[in-house]
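Have a look at the structure below before the remarks.
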Amino acid sequence: MKDYLDGLNHAQKDAVINYQGPSLVIAGAGSGKTRVLTFRIAHLLKNGVKPYEILSLTFTNKAAKEMCERISLIVGSQTTKYLWMGTFHSIFARILRKEAEHIGFVSNFTIYDTADSKNLLKSVIKEMALDPNVYKISGVLSRISSAKNDLITAEMYQSNNQLIAHDRQSKMPELSRIYKLYVTRCRNNNAMDFDDLLLNTNVLFRNKPEVLEKYQEQFKYILVDEYQDTNFSQFLIIKKLSAKHRNICVVGDDAQSIYSFRGAKIENILNFRNDYPEYQLFKLEQNYRSTQNIVNAANSVISKNRKQIKKDVFSENDEGELIRVFELYTDAEEGYLVANKINDLRMSEHYHFRDFAILYRTNAQSRIFEESLRKKNIPYRIYGGLSFYQRKEIKDILAYCRLVVNKNDNEAIKRIINYPKRGIGDASVDKIEEISLQAGVSMWHFISNIDKNPELATSGRLMKPLLVFREMISSLTLRQDEYNAADMLIQIARESGMLKEMHSDQTPEGISRYENIQELMNAVQEFVSTFESTEEVPTLANYLQNVALLTDQDTEKGENDVVTLMTIHASKGLEFKNVFLVGMEEDLFPGELSTHSASDLEEERRLFYVAVTRAEKNLVLSYAKSRYKWGTLSARKPSRFIQEIDAKYLDWQAGESQNNRTFNQSFKGRTTIEDEKFAEQQNVTKQMNQTGDLQIPESQNSSFKTSAKLNLKAGDIVEHQKFGIGQVLQINESGSNSVAIVNFQNGGSKQLLLKFANLRVIKK
DNA sequence: CCGGTGTGGATTTTT
DNA sequence: TCCACACCGG
């Protein structure tokens, strides 16, 4: 008996040691899925399989990294280093770079993220002189994306009568041509979008059987995590790669398939038995995470779905508390309740803030909870929103890097040719693009030859800045292999003028931008340092290779003790001692979505299941009987899914304080709570208390947007959207701009350019 | 380069 | 209703 297997239960162990042939591991929520996956790989390695013969695919970098670390603990990091472990996109990007010439790309191709794709698509639609109100960027892009995920190339699209008919019916007959031109432009730019990484891998394997064979031979064992979330394109890659050895292990839970809107096909996991008839089935059914009540309640909901693989998830933990359902009158009341409950539980059970999560269906729902948490001085962190790599300043500086590495990247050049401003205006950029497109060359090619064709410079004024720009980029390009990525980044930041631009901007936004650049530099420095013991050189090109595939979660900082707010989608795979599932009204969640087919309903039910199974100890469901949406207050009903939970697991409670509180249902304003405590808060003299904290009453009519006309004076208390509460120390008038120096509660004093500041006045 | 005005869109989003 | 954006005029 090998000791490293001892900690596994029977089912887990079975799934680990039977590693030959196709395996389907159905892993119920909280059943130790990652454990099985890591131990299975470790077990393969212990049984003499070479690390480079193992291909292990995940959906997030975080999952890959975590798994790698856990395997290292068993077999050592020298071995795991050679595993092919990563996200679908990063692994196949790696293969595509290696084999780029087989499909007509250059190895240094740029990976376009969604924003890049949108920009490109925008200019395609403009180029084709189509009405952008008819051809909406996001709609068109999602059509193209789903075509790609179904492996329908532009050529196939064109000759697919059904699709063409559909487009004609939806009044977008040009979609097929847009798709084609978009693909052409990507190719011209030597760029691939996310979907291309998968599509082109399929194309590569289809067109070059000898290449496919090479990888089929190499990857003797293939493992796929979260198999229920794979799309058709991913499915086919796996199928092709595993065709030779047929040692494929897929792990997942059909009950947690919640990404169909992104092309995920639950059928992939449901039909595994048909694709690999000789498969072995392993079911992990013991849930180690949650109390019996939570597990049983979750089961009672998901059992109503038709499309599913039968399993019997159970818990041997304590029976636990009943699930509490709170019916409240308004969202403000809901926020108040959640904040109160967090404090109560924290006091009575000694939980940390990080033991709490507030989960909701859509990001927009977070606001009311932010407010209520802030009022009670409960620290929190919102996940979602703009990711680090999506920030303008980061995208800008990376665009410089991209251009240095890939001269065909027109999207990059357009982004930074006049940033910081150097006198090459929009009209000139359009002209340059037009001429170079007609000439069939990249914009960079045109610019770098501008002195040979001076007559092409649209105006004499343009020549000089173009030459300066060319000189800067050329000079950086020459250096790119001499210096490492970190040094290059600094040089780019300096020589482009970006650093200067950032530095001179002393608004809080400007300061934060500067800090972001700094943070990027740290990340690059870290990347460089991982190369220390290797012979490879951490060039800028190397760094750029996967940067588009990084997301915010990968740069996660050390975890603070804070309450977590996120969407249910984002919570997948995580667990919390106490979960508040809020906004559980029918129209938000769900049943009455605009499109409600039977399978949509089932997916919503799975989403609900995912949410419920995040909780370990306490689960609170809440909904408001009335809620503002788009400015209108209307009556709400509880989500049908609450009723679908077997009633014996529920503890219904009306608004907690009906005894000592009266509810104002006249709905004037959003606050309808009128209890002593709250009234007290309203009357609190708005000043700093001993600890320097502020007790802030909800101000009724002030909003964040009228900052330009605030007329602040020293001594005023203000609230900034990002920086929180502070007191104005001083106002400086400089020309037409007023600058306030504000002392913020947390984060010291900052200068605010009032024009830009998202301020509201708390007290004059 | 700005500020004012008009318009359209308002699920979820691991890559 | 509330936000981001495109557009226009000074």
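Convention: sequence-line order gives letters A, B, ...; per-chain numbering from 1.
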Within 45 degrees of the axis of the six-membered ring of Phe388(A) and under 6.0 Å from its centre: does Arg391(A) put its NZ or CZ there?
-> no
Between Tyr383(A) (OH) and dT14(B) (C1'), how many Å, whole number?
-> 15 Å
Go through the structure and list residues passing ring-ring contact (aromatic ring centres under 6.0 Å, His included) with Phe92(A), not counting sequence neighbours.
-> none
Distance in angstrom units between Ile568(A) CD1 and dT13(B) C1', rounded = 14 Å
When the distance from CD of Gln365(A) to P of dA10(B) is rounded to whole Å, what number comes out?
-> 16 Å
Go through the structure and list residues passing side-chain contact (heavy atoms from CB on, under 4.5 Å) with Lys118(A), not counting sequence neighbours.
-> Thr114(A), Ile137(A), Ser138(A), Leu141(A)
Selected nucleotide, minimal atom distance to Lys421(A) side chain, candidates dC1(B), dT14(B), dT12(B) = dC1(B)
Of the nucleotides dC1(B), dT13(B), dT12(B), which one has an atom closest to the side chain of Thr362(A)?
-> dT12(B)
What distance, rounded to whole Å, do you find between the two C1' atoms, one in dT14(B) and one in dC3(C)?
-> 27 Å
Does Thr58(A) have a side-chain nitrogen or oxygen under 4.0 Å from the phosphate oxygens OP1 or OP2 of dT14(B)?
-> no
Does Lys265(A) have any side-chain contact (heavy atoms from CB on, under 4.5 Å) partners at least two apart in sequence or in another chain, and if so, which?
-> Asp150(A), Glu267(A), Asn268(A)
Whole angstrom is fine here: how far is it from CD1 in Ile137(A) over to P in dA6(C)?
-> 10 Å
Asp116(A)/Arg415(A) ion pair, N-O < 4.0 Å | no
What residues in residues 252-264 of chain A put a non-hydrogen atom under 4.0 Å from any atom of DNA chain B?
-> Tyr259(A), Phe261(A), Arg262(A)
Distance-only donor-acceptor test (3.5 Å): side chain Arg361(A), base dT11(B) = no
If you pin Ser138(A) and Asp195(A) to their nearest nucleotides in DNA chain B, which one's is more 5'?
-> Ser138(A)
For Phe88(A), enumerate each residue passing the ring-ring contact (aromatic ring centres under 6.0 Å, His included) test, keeping only those at least two apart in sequence or located in another chain.
-> Phe59(A)
Chi angles and distances behind the side-chain hydrogen bond (donor to acceptor under 3.5 Å, both in side chains) call for Thr362(A), Gln365(A) = CA-CA 6 Å; Thr362(A) 71; Gln365(A) 287 171 268; 3.3 Å; yes
What's the CG-P distance between Asn149(A) and dT14(B), to the nearest Å?
-> 15 Å
Closest nucleotide among dA6(C), dT14(B), dT13(B) to the Lys122(A) side chain | dA6(C)
When the nearest nucleotide of DNA chain B is assigned to Thr87(A) and to His569(A) on a heavy-atom basis, which residue is associated with the more 5' position?
-> His569(A)
Given the P atoms of dC5(C) and dT12(B), what is the spacing between them in whole Å?
-> 16 Å
Any Asn133(A) side-chain nitrogen or oxygen under 4.0 Å from OP1 or OP2 of dA6(C) = no
Separation between the C1' atoms of dC2(C) and dT13(B), rounded to whole Å | 23 Å
Rounded to the nearest angstrom, tell me the gap between atom CZ in Arg606(A) and atom P in dT12(B).
-> 19 Å
Phosphate-side-chain proximity, Lys572(A) and dT12(B), N/O vs OP1/OP2 below 4.0 Å = no
Looking at the angle O4'-C1'-N9-C4 for a purine or O4'-C1'-N1-C2 for a pyrimidine, is dT12(B) syn or anti, with syn meaning within 90° of 0?
-> anti
Does Tyr182(A) have any ring-ring contact (aromatic ring centres under 6.0 Å, His included) partners at least two apart in sequence or in another chain, and if so, which?
-> none
Roughly, in whole Å, what's the span from CD1 in Ile382(A) to P in dT13(B)?
-> 13 Å
Write down the distance between CG (Asn119(A)) and C1' (dC5(C)), rounded to a whole number of angstrom.
-> 13 Å
